[in-house]
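Below you'll find the structure, written out as structure tokens, and then a few comments.
Lettering of chains follows the sequences in order, A, B, ..., and the numbering in each one begins at 1. Computation of the quantities below employed the complete heavy-atom set of this structure, encompassing side-chain atoms and omitting hydrogens, waters and symmetry-equivalent molecules.
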Number of protein chains: 2
Amino acid sequence: MKLVQIYQCLCDETRLRLLNLLLKGPLCVCHLHGVLGESQVKISKHLGYLKARGLVTAKREGNWMIYALPPERERPPELVANLACLQDCTAENAVFKRDRAKLAKQDLSCSPLAAGAARGTKAKTCF
Amino acid sequence: MKLVQIYQCLCDETRLRLLNLLLKGPLCVCHLHGVLGESQVKISKHLGYLKARGLVTAKREGNWMIYALPPERERPPELVANLACLQDCTAENAVFKRDRAKLAKQDLSCSPLAAGAARGTKAKTCF
DNA sequence: AAGCTATATTCTTATATTAGAATATAGATC
DNA sequence: GATCTATATTCTAATATAAGAATATAGCTT
């Protein structure tokens, strides 16, 4: 993985916000969409950009696409370093904090990410 | 300083190479030009880009412009973190190592950066 | 002041990025 | 199989970035 490509991924505000959330764990598009409040197309395209460059992985689960950071053991050192740095830099920042707070409050029950126990109460749709 | 602006500065290979060298200390344009082997215009424009966003400072000394990272006490935390990360990520990289080696070998005597003692032997021109 | 050196700016062209609108697709459900 | 949901792609237009060529400028030196 080339260093400059990592920075190319990090040089857009929307992508930074996405990565900030993915640092908390895997998420499907609809939840990222819900937290950021940006259009579905915009979210999807930026996730595609990140995926094409190896910053995130994607796997389908039924209707949902689950995006995540690559498994820790497979992250090249430059990525490890920059993700740590990003986490550090976003820790006290208002926008990123708000996004994380919004994620924490969000109903995740529509997606396969919901904890097994809560599955029964799954919402019918995301939107 | 906005985080995304730092990344916008870091997302170009030429600018990464410039910053890699400036991490070693202040330098004038002609030495950066000499090490990178890129055109003077290209170097100057990228330095201008970095300066406009506060990643580097510039001061004139006679004919020379001396570029440097901002004084440590004035660096916002995001910049401190990202410069440390950059130093880490470039430490073992071939291109960046070669640039540093080339800088170490380079004759700096043309510029005001030459040590006082060596001033007498100053080269007439850079090129 | 004339000429030289180091550096910056302007102009132009090529390319990349970004976003929205409209549409397409994959997989589930009825 | 028709429909619905979540997500992706295509098309288009606006804007940003990057690089080179030519030229300009600031400050020395003579």
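One interatomic measurement links the two molecules: CG of A:L47 to C1' of D:dA6, which rounds to 13 Å at whole-angstrom precision. For the pair B:Q40 CD and D:dA22 P, the computed distance is 15 Å after rounding to whole Å. The separation between B:Y67 atom OH and C:dT7 atom P is 9 Å, rounded to whole Å. Between B:W64 atom CH2 and C:dT5 atom C1' there is a gap of 8 Å when expressed in whole angstrom units. Between the CD atom of B:E61 and the P atom of C:dT7 there is a distance of 12 Å, rounded to whole Å. Here C:dA8 presents its C1' atom at 10 Å from NZ of B:K51, a figure rounded to the nearest Å. Atom CD in A:E38 sits roughly 7 Å away from atom P in C:dA19 (whole-Å rounding). Going from atom CG of B:L50 over to atom C1' of D:dA18 covers 14 Å, rounded to whole Å.
Each of D:dT7, C:dA6, D:dA8 was ranked by its minimum atom distance to the side chain of A:C28; first place goes to D:dT7. For B:H46, whose side chain is taken as the heavy atoms from C-beta onward, the closest listed nucleotide among C:dG27, D:dA18, D:dA8 is D:dA18. Among the nucleotides C:dA22, D:dA26, C:dA19, the one closest to any side-chain atom of B:R60 is D:dA26. Of the candidates D:dT7, C:dA8, C:dT7, the closest approach to any side-chain atom of A:S44 belongs to D:dT7. Taking every side-chain heavy atom of B:N63 into account, C:dT5 is the closest of C:dA28, C:dT5, C:dA19.
Figure legend: cation-pi geometry between B:R53 and B:Y49, with NZ or CZ positioned under 6.0 Å from the six-membered ring centre and within 45° of its axis.
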CA sep, side-chain torsions, deciding dist, call: A:T90, A:R100, side chain to side chain contact (heavy atoms under 4.5 Å, CB included): CA-CA 10 Å; A:T90 53; A:R100 291 192 302 268; 3.9 Å; yes
A:Y7 and B:L16: CA distance, side-chain angles, deciding distance, side chain to side chain contact (heavy atoms under 4.5 Å, CB included) verdict: CA-CA 10 Å; A:Y7 289 126; B:L16 286 182; 3.8 Å; yes
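Partner A:N82 forms a side-chain contact (heavy atoms from CB on, under 4.5 Å) with one of A:I6, A:L55, A:L19 and no other, that one being A:I6. Screening B:I43, B:D99, B:T14 against B:L32 for a side-chain contact (heavy atoms from CB on, under 4.5 Å) leaves a single residue, B:I43. Among A:Q40, A:E38, A:H46, the one residue that satisfies the side-chain hydrogen bond (donor to acceptor under 3.5 Å, both in side chains) test with A:K42 is A:E38.
Considering only residues two or more places apart in sequence or on other chains, A:K59 meets the side-chain contact (heavy atoms from CB on, under 4.5 Å) condition with A:E61, A:I66.
Toward the 5' end of DNA chain D, the nearer of the two residues A:M65 and A:K45, judged by each one's closest nucleotide, is A:M65. For the pair B:Y49 and B:S39, nearest-nucleotide mapping onto DNA chain D gives the more 5' position to B:Y49.
The stretch residues 4-15 of chain B touches DNA chain D through B:D12, B:R15, each having a heavy atom within less than 4.0 Å of the strand.
Residue A:V41 is classed as a base contact, given a heavy-atom separation below 4.0 Å to a base.
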